[in-house]
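A short worksheet on the structure shown next.
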Amino acid sequence: MRTLVFGGSFDPPHAGHAALLAAAARALDPDSIVIVPAWRNPLKRRAPAGPADRLAMAKAGLLDALPPRWRARAWIHTAELSSGRPIYTVDTLARLSADAPKAELHFVVGHDAAAEFGRWKDPRRLRRLARWWTARRPGAGGRIPSFFSMLRSPMPAASSSEIRARLAVGDDVSDCLPAAVRRHIERRGLYGLGRLRTLRGLLGARRYEHSRHVARLAGRLARRWGLDEDQALSAGILHDCGRSVPATRMGRCARARKLKLSRREQTARLAPLLLHAYLSEDVCRRRFGVSDPAVLSAVRKHTLGDSRMSRLDRLLYVADSCSLDRSYPEASKLRALAFADLDQAYEACLANKLRGCLKDGSWIHPLSLSAWNSLRE
Ligand SMILES: [Fe+2]
Ligand SMILES: [Fe+2]
């Protein structure tokens with residue numbers, strides 16, 4: 001008896017997963033197919049969608065998408081999802097093997113997971129428990145261990161993280177998500193869709209488009225520099241969410257909300273628009289339920305800067321300064337610099353902003369000056 005086991009986070013399941021499962025089923029002609037959505041990949045910090053949503057999407061996008069011949073032999077193994085904690089694949093496979101000692105287990109995983117196999121728990125035992133299958137995904141990096149059998153079917157270039165990044169900024173994903181999965185995501189507002197709807201209601205069209213541009217660039221920069229892409233996307237899309245308050249009311253609003261900002265009253269009098277980053281942080285907490293200190297810090301510091309700037313703070317500062325919708329002459333050079341050297345790009349963006357203030361003869365907030373001085377010290 002041959003059992004095909006398909007494991008993954010499926011966050012969300014996409015056309016690549018469906019193609020991989022179908023290719024493995026064709027190659028192996030298994031007696032049963034077990035789809036195992038992980039509660040959370042033990043190598044990752046979090047799963048963006050909750051267990052109930054991922055179960056529903058795995059059913060809609062993988063199980064129900066199988067041709068009837070395979071569908072009749074397939075089921076979803078929910079033990080990992082319902083455990084409430086990360087479970088190692090080696091433990092799931094050991095359990096499947098104990099439940100059906102005569103079954104020959106074949107485990108299929110996507111390209112990225114296969115390339116990370118060396119980091120999985122107990123790789124030797126894993127190799128004893130099952131035979132391993134994967135397929136190359138166009139554009140994916142990483143070396144796949146030689147003991148993996150390769151499925152030769154052509155695979156779509158989709159990856160879950162890229163799809164999440166596209167969903168987070170409201171870009172089209174119809175080419176890589178099964179329609180049933182797309183409907184579920186839309187209905188439940190997953191992967192930032194609900195947040196986008198709220199934001200669209202808060203901001204004018206231009207500011208909303210600007211936020212999408214900033215988030216796109218922030219996501220790409222996070223991938224380039226190995227920062228958390230979901231944090232960069234959240235900070236990028238929400239960084240101006242407090243801009244819905246008119247500049248004339250920002251001072252009053254900052255006072256009413258008791259926002260902590262040095263020289264708050266002076267700022268309210270001389271340059272009230274500068275308060276919007278602190279108002280945005282406040283709206284992030286209250287309206288969007290953001291509690292991640294890294295995201296809140298990046299939003300708070302995206303306009304004035306600060307003497308202490310984390311990598312994410314700098315990344316958002318740069319993404320906001322030179323997103324694709326910025327039309328000043330140096331913007332495209334700064335964007336290119338951001339992919340070559342993020343720190344240099346941050347310094348150049350800060351210098352640019354300070355030069356602009358000097359040129360206009362406008363007041364410079366002490367935080368921006370201390371941000372600049374901290375780079376010289
Ligand atoms: Fe802003
Ligand atoms: Fe902005």
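Indexing begins at 1, ligand by ligand and atom by atom, following the structure's order. All of these numbers come straight from a predicted model, not from anything done at the bench.
The minimum distance between the Fe ion (ligand 2) and any N, O or S atom of Asp320 involves atom OD1. For the Fe ion (ligand 1), the nearest N, O or S atom contributed by His302 is named NE2.
Aromatic ring centres of Trp70 and Trp75 lie farther apart than the 6.0 Å criterion allows. Between His210 and His239, the ring centre distance stays below 6.0 Å. For Phe117 and Phe148, the ring centers sit closer than 6.0 Å to each other.
The Fe ion (ligand 2) has an N, O or S atom of His239 under 2.8 Å away, backbone or side chain. Backbone or side-chain N, O or S atoms of Asp240 reach the Fe ion (ligand 1) at under 2.8 Å.
Cation-pi geometry between Arg223 and Trp225 is not met: the NZ or CZ atom fails to fall both under 6.0 Å from the ring centre and inside 45° of the normal.
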